[in-house]
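In the text below, chain A, chain B and the rest are named by the order of the sequence lines, each starting its count at 1.
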Amino acid sequence: MSILKVDTITDQSGKAAPNLPHGANVTGAVTGTSGGDVNTTGNLTVSGNVGVGGTLTYEDVTDIDSIGIVTARSGLKIGAHAGVGGTFFADGSYNTSGIITATNVSVASSITSGLYYGDGANLTGVTNGILEQISGQCDGSTRTVSYGTFTFPNVTAPQQRNQINSYQDIDASRIIYKPPSGCIGVLVNFNYHVSSETINHDIQHYRLYMRNSDGGSHDGVPAGSGGTEILYGRWTHGGTNQEDNINWNHYFRIRNDGGSFDTNTGALPSWTYTKLIFLKTRRYGSSNRVGHFHTSYYWDGGGDNHQFRQPSITITAFGSPT
Amino acid sequence: MSKIRANQITNENCNGAPTFTNGLNSSGIVTTTSTATTFSGNLTVTGNLGASGTLTYEDVSSIDSVGIITARSGVKVGPTAGVAGTFFADGSYNTAGIITATNVSVASSITAVTYFGDGSNLTGSATASGVLEHIAGQCDGSTRACNFGTFTFPNITSVPGNFNTDVYQQMIAVSYKPPAGAIGVEFNFHFSGSWRGDTHAIQHFKFFVDSNEITNARFNTSNRYYENLCSFRYYITIGGSGNDYPVGRLENWNSAKTLEMKTRAYQANGNRVADMYGTYYWDGANSPQQFKQPQMEIISYGNPTV
């Protein structure tokens, strides 16, 4: 063991660093003073930690395995230099021509795509304009609808409305309905059969009515058990020896514009209470009528051979198609 | 050349490190056992740098890894003060920026407030039924917001009384364009009419697209003392090569087209159902004439995907 006590060691000229051909074993700290660089052409192995106060520049890192957070202040490129597969920009945007695969993607605002695949049943706002549509024979059956249960009229036999000159309800046409929220209108379709008897000139008149099902005043529709007539729903069925399938329609527009109940067209300011909608009919006179509902008169080559034909109803609640 | 051969070199007082004022050149390995080795200058390594411990650094100019970057606790993208995007340790990525990709493939679900684009390949949606758009209403001049903009219903509020002629007159005309992906459009017009003049009432009807008649749509209403409802329906096919107006097929329908119905009496002032939308008889008399407002429905169909 020998000890060389000296404060400064230089090369022989006193102007350069001495050479340590076999390296240097330093028990204490190695300190590079200001302005002094440490250069090594070999490997630098540190059993402890490496701390860099300045800038660390390097290329061709085999792997980076950080137990802390990697922060890329200017972005992050993924893939080979020649064709970077994905780029994270400093604002967090990510651009790639590859595929992003995830179990779930949650987007606060919007997703734009050329095509969508998959189950869109839970999408809202994707509509063809129909919020709800129910259809069925007038057989007393029920449907679960947005407001509860809809019940079809129960018609199992013909109904005569050809005996008096005053208006009577067509029972099969009586429906109670309330559309879903967001509805802009309801189309009611009533499909039924009607026939005359031995009358040569058949004439039957029709009127359309609406009221709140509880008889109260709601949605601009006045109270009353008799209902309010929709004047533009009047029509006459006439001809000779009439036996017809009638496809009757009326659209009740929900105005949403502050306007009042329009008794001409049936447009109403809102529709938040169940409404009763029904048709009334009367004959022109005892010699002119088509009031035998849901039945034929002639059948299989014979007259007065009534065949029951059950009517049907379709109700369509519309929203905006957009 | 001079050499100092010694096992240990310290400072003069033997209580500190000697100072190499002109640096230190080592051809061999420099080994330090100290827990704190500090360089205030630059450290340049031409070879490899290996750290068995922890490598801690800030302000790295660039990281360019030819291998895999593994961030066990996540990756933050953007300035420290306002991190714009964060990859969490479970792989989740959260950003207020935009993710732009040619394809996004998600094994389970995508949740978004708004979707844009063509949803025609979605199953289970409203459009999967094959109905892309359905609008209906009284002919009261009202409007509907639909895919191409605003659809306006004809405004018919009285019996027009102008069809008592043997020349075709326009009944109604509307402008419509179906949504993208439509393969056909069904046009429905529900109206009433009544006889006048000769008790054998006969009325003819034609249907047009942009003034081109669909001759397969021609029809009559007739009866003695005719008073009735009439539901006209015609399906216009979209596709194929060229337009075939007689059958009602259009090669494409990318701009608004006028759908029009015309009518004429069999004979002016004679055999006719010329009182369109009106009655002849009412409440047991032949007057006053009553008006029934017609309705219209337009349904655009796509390919059902269910």
Part of I9(A) within contact of chain B (heavy atom distance under 4.5 Å):
both
Enter the distance from Q290(B):CD to R207(A):CZ here, rounded to the nearest 0.5 Å.
7.0 Å
D244(A) versus chain B, the contacting section by heavy-atom distance below 4.5 Å:
side chain
If you count heavy-atom pairs under 4.5 Å with chain B, which of S109(A), S106(A), G285(A) comes out on top?
S109(A)
Would you mind checking which part of R234(A) comes under 4.5 Å of any heavy atom in chain B, side chain (CB onward), backbone (N, CA, C, O), both or neither?
both
Contacting moiety of Q204(A), where chain B heavy atoms sit under 4.5 Å:
neither
CZ on R224(B) to CG on D202(A), rounded to 0.5 Å
13.0 Å
What is the distance from atom CZ of F318(A) to atom CD1 of I135(B), rounded to the nearest 0.5 Å?
9.0 Å
Under a 4.5 Å cutoff for heavy-atom pairs, which residue among A108(A), S74(A), G266(A), P18(A) has the most contacts with chain B?
P18(A)
Is there side-chain contact between Y280(B) and T236(A), with at least one heavy-atom pair below 4.5 Å?
no
Where on Q295(B) is there a heavy atom nearer than 4.5 Å to chain A: the side chain, the backbone, both, or neither?
side chain
Region of T103(A) that comes under 4.5 Å of a non-hydrogen atom in chain B
both
Interface check, chain B: of N95(A), L187(A), N249(A), most non-hydrogen pairs under 4.5 Å belong to N249(A)
Greatest number of non-hydrogen atom pairs under 4.5 angstrom with chain B, of T96(A), T10(A), T316(A), falls to T96(A)
Evaluate T19(B) against D7(A) for side-chain hydrogen bond (donor to acceptor under 3.5 Å, both in side chains), listing each step before the verdict.
CA-CA 6 Å; T19(B) 300; D7(A) 287 330; over 6 Å; no
To check you understand the geometry: which heavy-atom pair defines the closest contact between N223(B) and Q242(A), and what is its length?
ND2-NE2, 2.9 Å
Heavy-atom contact with chain B under 4.5 Å, split by part of Y167(A):
side chain
Quick check on I184(A) against chain B: is it the side chain, the backbone, both or neither that has a heavy atom closer than 4.5 Å?
side chain
R253(A) side chain near Q138(B) side chain, heavy-atom distance below 4.5 Å
no
Top residue by heavy-atom pair count (under 4.5 Å) with chain A, among C230(B), A201(B), A285(B), P294(B)?
A285(B)
I'd like to check H205(A) versus D283(B) (side-chain heavy atoms, cut-off strictly below 4.5 Å). Are they in contact?
yes
Can you spot which of T100(B), T95(B), I98(B) makes a side-chain contact (heavy atoms from CB on, under 4.5 Å) with S93(A)?
I98(B)
Chain A contact via H190(B) - side chain, backbone, both or neither, heavy atoms under 4.5 Å
side chain
Does any non-hydrogen side-chain atom of Y225(B) lie less than 4.5 Å from one of N288(A)?
no
Using non-hydrogen atoms only, which part of D140(B) is less than 4.5 Å away from chain A: side chain, backbone, both, or neither?
side chain
Portion of N11(B) that has a non-hydrogen atom of chain A nearer than 4.5 angstrom:
both
Among G185(A), G14(A), S166(A), A16(A), which has the most heavy-atom pairs under 4.5 Å with chain B?
A16(A)
So which of S194(B), C14(B), G137(B), G16(B) has the biggest tally of heavy-atom pairs under 4.5 Å with chain A?
G137(B)
Going by atom types only, do S231(B) and N247(A) share a side-chain donor-acceptor pair under 3.5 Å?
yes
In terms of relative ring orientation, are Y284(A) and Y281(B) parallel, tilted or perpendicular, with 30° and 60° separating the classes?
perpendicular
Can you say whether R144(B) sits under 4.5 Å from chain A via the side chain, the backbone, both, or neither, judging by heavy atoms?
side chain
Supply the atom-to-atom distance N264(A) CG to Q293(B) CD, rounded to the nearest 0.5 angstrom.
8.0 Å
Closest heavy-atom contact between S320(A) and A145(B)?
OG-O, 3.4 Å
Name the member of Y251(A), F252(A), Y206(A) that forms the most heavy-atom pairs with chain B at distances under 4.5 Å.
Y251(A)
Quick one: OG on S192(B) to NE2 on H237(A), what's the gap to the nearest 0.5 Å?
11.5 Å
Going by heavy atoms in the side chains, are L231(A) and F291(B) under 4.5 Å from each other?
no
